[in-house]
Amino acid sequence: MPSPMSLATRARLSHAPRHPMRRSPTRFIVSCKAFGASWDVRWSVAASTQVERKPLWVSRKAHGRRLKLSKASSRRTMQSEGSRRATEPGVSGLAYSALASSAAFMVAWVLFFPGSMWTGWATHDAFVDDVWTTFHLSTFSPSSLVLKYGDLGRSPALLHALPGAVWCALIPMQLRGFDGDAHRARGRVALAAAAVMMVGFALIDVSGLEADSYDFGGNGGGIASAADSLGVLPMPFNRGGTRTVAGWFVATGVLAWQTAAAKDAEAPRAWAIRHCGAGLWVALQRPSFAAWRMAQSVVLGGAAASTPAAQAEAFYYAAYIVTFVYFVGAEAVARGVVGRTDLRAKGEE
C-alpha cells in the first residue's frame, strides 16, 4: 500500500506541464538582449531558475512583426489625415478663376513679355526698348518700369522675378484640395520661392528703385503728396505702403507654414488664401494701370495725360484700389463668406 507522501508526490508530477519552458500561471519571465542574442530568464514558485536562449532570428522576426504593425498604423493615420483634409472646403467659382488667371498672367509677364526675368540681359533689354520706341509707348508709360532692375545686373531677375513665377505657378494648385505628399511638396517649394523672392525685393528696395523717384520724376500721386506734406510719416507714403504689403506677404506665408506644420485642419488654407491675396494683386495692377492711362488720354487729352505726374497717379491709384480689392477679397474667401465649396458634400452627390 503506497504511503500518503508517495501519493502526493505522484499527483504533483502528473499535473506538471509537459513542456517545462512554456508559459504557465505559476511562472515569471524576464527578457533581455545582450551580445547579439535575446535571453529569457524564467522561474516558477515550485522549480529552480531556468534559462532558455532564444535564437537571434526569432528575436528579429518578432521585431519585424512589431515594425510592420507600427508602419501599418502610421500609414492608416496618414491616410485618415489625408481623407480628412481632402474634404476641407476649397476655393472655387469666381474666386478661384480670379486667383488662377492672376497667377497665369504673372507667369506670362515674367517669362514671356515683357519678360522681367530676362532684365539685365542686353539682348532682351534692347528688344523691349525697340518695342517701346516703335509703338511710341513712352507717352503711355516709361520703359524704365520694366527695364530699371537691369541697373542692378541679373540679381533682381533671378532673386525676385524668377521665384515669383515659380510661386505663381504653384500657389493656385494648393487651394484646390489636399492631395497628400504632392500638396506638401508644392507648398514647401512655393514658400521657399516666396522667401527668395523677398530677398530680391529687399535688394530692390534698398537700391532706391521706387517708381515715384525713378520712373516718374519724383511724382507719387496726389494722395502720397498730401500725406508726405504733413511731415509726420517716418518714410515716404508710397514706400511705407509697399513695405507694409511686403510685410503682410511674409507674415501670411510664415503663418501658413506654421499652421500646416501643426497639422491644423482649416487654418493653413485660410492663411494660404491671405498669402495669395498679398502677392497676386500685382497682376491686376498692370492692366488696371493701362485702363487708367487710356481713361486719362480721353479725359485729359494727349498732352496732359503724358506728363510724369499723370502717369504716377495712374500707377499708384490703380495699385491702391487693386490692393484693397485683393486683400478684402482674400479675407472674405479665407473666412468662408464667398468662394468656398464643401468638397465633402460635392463628393457625396
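Starting from 1, each residue takes its place in the sequence as its number.
- The nearest pair of heavy atoms linking F315 to Q285 is O-NE2, 3.0 Å.
- In this structure, F135 shares a hydrophobic cluster with F113, F127, V128, V131, W132, L137, V146, L147, the cluster being traced through Ile, Leu, Val, Met, Phe, Trp and Tyr side chains under 4.5 angstrom apart.
- Follow the hydrophobic side-chain contacts under 4.5 Å out from L191 and you never reach V196; the two are in separate clusters.
- Proximity of a side-chain donor or acceptor of H160 to a complementary backbone N or O of V199 within less than 3.5 Å is not detected.
- Remark: side-chain polar atoms of W281 are paired, donor with acceptor, to backbone N or O of A278 under 3.5 angstrom.
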Using side-chain contact (heavy atoms from CB on, under 4.5 Å), reason through L159 and F201 one step at a time and then give a plain yes or no. CA-CA 8 Å; L159 293 177; F201 168 82; over 6 Å; no
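- Salt bridge status for D151 with K148: absent, with no side-chain N to carboxylate O gap under 4.0 Å.
- For the pair Q311 and P142, the tightest heavy-atom approach, listed with the atom from each and the gap, is OE1-CD, 3.5 Å.
- For W118, the CH2 atom sits in a loose shell: 12 or fewer heavy atoms of surrounding residues, nucleotides or ligands are nearer than 6.0 Å.
- Of all the heavy atoms in A165 and V107, the pair that sits closest is O-CG2, 3.7 Å.
- By the 4.5 Å heavy-atom criterion applied to side chains, L209 and L152 are counted as neighbours.
- When all heavy atoms of F140 and R293 are compared, the closest pair comes out as O-NE, 2.7 Å.
- The hydrophobic clustering, which links ILVMFWY residues whose side-chain heavy atoms are closer than 4.5 Å, places I171 and L175 together.
- The main-chain N or O of L170 is never found under 3.5 Å from a side-chain atom of R186 such that the two would form a donor-acceptor pair.
- Of the possible donor and acceptor atoms, none in the side chain of T307 sits under 3.5 Å from a partner among the backbone N and O of A303.
- Under a 3.5 Å cut-off, the side chain of R286 and the backbone N or O of M106 do not form any donor-acceptor pair.
- With E331 contributing its side chain and R274 its backbone, the two residues share no donor-acceptor pair below 3.5 Å.
- A 4.5 Å side-chain heavy-atom check between S225 and D228 finds every atom pair outside the cut-off.
- For the side chain to side chain contact (heavy atoms under 4.5 Å, CB included) criterion with L280, the lone passing option out of P172, S101, S102 is S102.
- Follow the hydrophobic side-chain contacts under 4.5 Å out from V206 and you never reach I204; the two are in separate clusters.
- Side-chain N or O atoms of W109 include none that pairs as donor or acceptor with a backbone N or O of S116 at under 3.5 Å.
- Two residues are said to be in side-chain contact when any heavy atoms from C-beta on lie closer than 4.5 Å; M117 and L111 meet this criterion.
- Both M197 and V282 are assigned to one and the same hydrophobic cluster, defined by single-linkage of ILVMFWY side chains at heavy-atom distances under 4.5 Å.
- Taking hydrophobic clusters as Ile, Leu, Val, Met, Phe, Trp and Tyr residues chained together by side-chain heavy-atom distances below 4.5 Å, L284 shares a cluster with F105.
- Counting only heavy atoms from C-beta outward, the side chains of Y326 and L99 never approach each other to under 4.5 Å.
- In this structure a side-chain-to-backbone donor-acceptor pair under 3.5 Å is missing from Y316 to N219.
- Without hydrogens or angle criteria, T323 side chain to Y320 main chain gives no donor-acceptor distance under 3.5 Å.
- A distance of 4.5 Å separates CG in D129 from OG1 in T133, rounded to the nearest 0.5 Å.
- When all heavy atoms of A272 and A256 are compared, the pair lying nearest together is N-CB, 4.0 Å.
- Here the shortest heavy-atom pairing between A193 and P163 reads O-CB, 3.4 Å.
- Among F327, W167, W248, W257, the one residue that satisfies the ring-ring contact (aromatic ring centres under 6.0 Å, His included) test with H275 is W167.
- When atom types are taken as modelled, the side chain of D125 and the backbone of G120 share a donor-acceptor pair closer than 3.5 angstrom.
- With rounding to the nearest 0.5 Å, the separation of CG in D215 from CG in L145 is 4.0 Å.
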Evaluate the side chain to side chain donor-acceptor pair (under 3.5 Å) criterion for residues Y149 and S207: first the C-alpha distance (whole Å), next the side-chain angles of each, then the deciding distance (0.1 Å), finally the verdict. CA-CA 10 Å; Y149 301 137; S207 300; over 6 Å; no
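- Legend: residues meeting side-chain hydrogen bond (donor to acceptor under 3.5 Å, both in side chains) with E210, ordered by chain and number and at least two apart, are R239.
- In this structure, OG on S297 lies 8.0 Å from CG on L300, to the nearest 0.5 angstrom.
- Here the side chains of M235 and R243 are in contact, with some heavy-atom distance below 4.5 Å.
- By the 4.5 Å heavy-atom criterion applied to side chains, F249 and V254 are not counted as neighbours.
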